[in-house]
Structures are given as structure tokens and as C-alpha cells.
Amino acid sequence: MANIQKATSGSSSNEEPASYINDRANPPKKAPRKTNKSGSTTPSLYSKSAGQTPQKKSSGHSSTLQFRGLSRKEVTEKRRNDVRSELDTRILTDVASVIDHAQPRDPKLAERASQIFEAVAARVEKCLDEANRLSTAGNIQQSDFTDADSNFSPTSAALAALPWTQPATYKQKKPFESERQIYAHISAFILLVAHYVKQEIPAAQRDTDECRLILPFEKTDINPSDADDDTRVDLILRTRRAGRKVKLQPNPSYAGTFCVAEIKSNSSTKNLNDARIQLFDYSRNIYANQHDRRF
């Protein structure tokens, strides 16, 4: 009892414990913030310590604060400048292994994909050779790629693709003067490939998510409806189940985009650099509209 009285004597309910007073009078010093190589205390977007997926420095929507007061044209130009600085230091070109990322991971599926590839390549070559023979005989191209029964006509698509696939033999003695002249020919070739891919897939598997075709949209040189700028895309591709009809797709949008293509009339260094900048810029809109997409 004496010990208890000694411990409580001289203290009131309003007094603070000595240990609390000492902590408040001498607060613990904060650990200094780590700086990156540039001397900044902000974590690098590309460092492991950041703990996040690398992002572009200016990837915001056009309505965000950084773009307030700018016209849509000025927004596009600002983004292009950001893209140029990224490509100057980060782009990797001529990396053959990138093709491997498109291959199925399952060995059996990868083998099947190779078989389909070889079969489709042989059939496309044969169809193009036949179309070239018909074109020299004066046959007229069909623009809708269908036969009399409204079924897809590979010969019609091959005829439309010839100016791009075999320009030297199909009255195309000089390079295309305009990029827009190439769009329809490339779309026809993509439809031709999709047709033969579909033929290689068993009918029972064509309506599954695992078996899909890559198809072009009917409109080219288009500003998709869900874009937040005025940028026009040369060619947009989407995927559909293999059971669907092989035809040009309506209503292009970034939300439904599988990939985009930037077409150039020649492969000059300037054109290649410009194409990379444009593709990088288009991809920003794709990721903005497809929230669960990683690649």
C-alpha cells in the first residue's frame, strides 16, 4: 500500500506522463528522403523504388489541368513533343524477338499456330498469283469483296490487294503518290488473310474466344469517336470471333481497337521516325479507353 501511495502522490489527473513530455520536447528526427540520380526527391518513374509500371511524363486526358487553355491542336503538338523526347532515349528498333511475344505460350498451341501460318501463307500466295493472271486479262475489280451469293470472294479481295502486294506487275510502275491511295489495298489484303485463317479453324471452334480474326474497319484516315484530340488514324484493326463474317467493320473506336497502323508511301528515315511518333501517340488513346489493357 505504501508503494502505491508513493507512486501516485504528487500527481494529478491533469499532469502528463514524463515520458510523453520528453517525446514532445525532443521529437524524433525524420529520416532524410532518398534522392534519385538527378538530385530530385521525387521517385523516378522508371526506378524499382517507384513500385509502379513506367508511365509517360504527360499522359493525361486533354481535360486535365496541364492542358487547360490550350486548343486541341496545341494539345496534340505538346503531346508529340513529349513523345519525341521519349523516343530519342528509349525506343528499341529491329528487335526480332518481339515476334515471339505474339506466339501462344502453350507448346501445342504454338505448333498449331505455325501450321496455320504456313497453310495460310501458301493459300494467299496462290490466290494472289491467280488474281494477277486474271488482272492481266482485263478483269474488273469488285469493291465489296463478295460473290453473287453475297459470300466473301477471296479472288475479289486479292484483285484489290494487288496494287500493294505486287505493284511492279499490276500497272503500278511508280511509287504511290499519296498514303491514302494505299489504305484500301492493305485492308483488302488483311481481309484475304482473315478469310484463309477462318478456313483453317474447325467450324466447332469458330465461336470461341480463343479463335479470333483480325479485321479492318471500313473507314480509314479517321478520328475515332472516343478520341480526346483531333488526331486521325490511317488504319484501325479489331478482333472478332472466327464465326463472324469476314468483312470491313463499322464504327471505329479506340475502345474496340486491337491495333493501329500508320501507313507511309516510302521507308525514308524521316517517314519511319514520324510513324513511330504517331503510333506512340495513338497508343495513349488506346490505353485511355481500354483500362484493363497492358500491351
Side-chain angles (χ1 to χ4, degrees), residues 92-135 145-147 151-170 182-218 220 234-249 256-264 267 272 275-276 279 283 286 293-295:
L92 299 177
T93 60
D94 301 323
V95 181
S97 61
V98 71
I99 304 299
D100 297 334
H101 295 299
Q103 299 292 329
R105 296 182 179 181
D106 184 274
K108 292 183 178 179
L109 292 179
E111 182 180 359
R112 177 58 180 149
S114 297
Q115 294 172 350
I116 292 176
F117 171 80
E118 293 174 2
V120 169
R123 298 180 73 175
V124 168
E125 288 288 347
K126 182 178 179 180
C127 187
L128 288 173
D129 289 342
E130 178 63 14
N132 190 46
R133 184 184 65 80
L134 292 174
S135 68
F145 313 129
T146 59
D147 57 21
N151 295 320
F152 181 81
S153 170
T155 302
S156 175
L159 283 168
L162 280 179
W164 180 62
T165 60
Q166 301 180 22
T169 59
Y170 191 78
I182 316 175
Y183 302 160
H185 305 306
I186 297 178
S187 293
F189 179 78
I190 295 172
L191 289 175
L192 179 64
V193 172
H195 168 75
Y196 285 124
V197 169
K198 180 176 181 177
Q199 299 304 307
E200 292 296 321
I201 299 174
Q205 300 178 13
R206 291 179 184 174
D207 284 322
T208 63
D209 288 335
E210 289 76 18
C211 299
R212 305 181 73 85
L213 305 176
I214 298 176
L215 301 171
F217 283 96
E218 58 187 354
T220 58
D234 292 351
L235 203 63
I236 305 178
L237 307 178
R238 69 167 304 174
T239 62
R240 302 289 282 174
R241 287 186 176 182
R244 299 294 186 91
K245 285 187 175 181
V246 176
K247 63 178 184 178
L248 296 172
Q249 301 295 296
T257 295
F258 173 68
C259 65
V260 293
E262 176 63 29
I263 313 301
K264 297 299 182 183
S267 57
L272 287 176
R276 289 164 181 152
L279 289 173
S283 69
I286 294 176
R293 180 164 178 166
R294 297 185 62 198
F295 306 104

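All heavy atoms count here, side chains included; hydrogens, waters and symmetry mates do not. Positions are given from 1, in the same order as the sequence printed here.
For residues 188-208, the set of pairs meeting the side-chain hydrogen bond (donor to acceptor under 3.5 Å, both in side chains) definition, not counting sequence neighbours, comprises R123-E200. The list of salt bridge (charged side-chain N to carboxylate O under 4.0 Å, His left out) pairs with a residue in residues 110-121, not counting sequence neighbours, is empty.
A heavy-atom distance below 4.5 Å is not found between the side chains of T220 and D234. With a 4.5 Å cut-off on side-chain heavy atoms, L128 and L162 count as touching. With a 4.5 Å cut-off on side-chain heavy atoms, F217 and R238 count as touching.
Between W164 and F189, the angle of the ring planes goes over 60°, which puts this pair in the perpendicular group of the 30/60° scheme.
Between the CG atom of L192 and the OG atom of S153 there is a distance of 9.5 Å, given to the nearest 0.5 Å. I186 contributes atom CD1, which lies 6.5 Å from atom CG of L235 (distance to the nearest 0.5 angstrom). Rounded to the nearest 0.5 Å, atoms CZ (R241) and CD1 (I201) are 12.5 Å apart. Here the OG1 atom belonging to T239 is positioned 9.5 Å from the CD atom belonging to Q249, to the nearest 0.5 angstrom. For the atom pair R276 CZ and T93 OG1, the distance stands at 5.5 Å (nearest 0.5 Å). From L237, atom CG reaches atom OG of S187 across 7.5 Å, with rounding to the nearest 0.5 Å.
Scanning for side chain to side chain contact (heavy atoms under 4.5 Å, CB included) contacts around S97 gives V95, D100, with sequence neighbours left out. For K264, the salt bridge (Lys or Arg N to Asp or Glu O under 4.0 Å) criterion is met by E179, E262, not counting sequence neighbours. When the ring-ring contact (aromatic ring centres under 6.0 Å, His included) test is applied to Y183, no partner is found at least two apart in sequence or on another chain. For the salt bridge (Lys or Arg N to Asp or Glu O under 4.0 Å) test, no residue two or more places apart in sequence or in another chain qualifies with R293.
Residue P104 comes nearest to A110 through the heavy atom pair O-CB, 3.6 Å, listed as atom of the first residue, atom of the second, then distance. Taking both residues in full, the closest heavy atoms of A157 and A188 are given as O-CB, 3.6 Å, listed atom of the first, atom of the second, then distance. Contact record, I214 with I190: O-CG2, 3.6 Å, taken as the closest heavy-atom pair. For the pair L213 and A194, the tightest heavy-atom approach, listed with the atom from each and the gap, is CD2-O, 3.7 Å. Listed here is the closest heavy atom pair of T155 and A131: O-CB, 4.4 Å. Here the closest heavy-atom approach between residue H185 and residue A160 is recorded as ND1-O, 2.7 Å.
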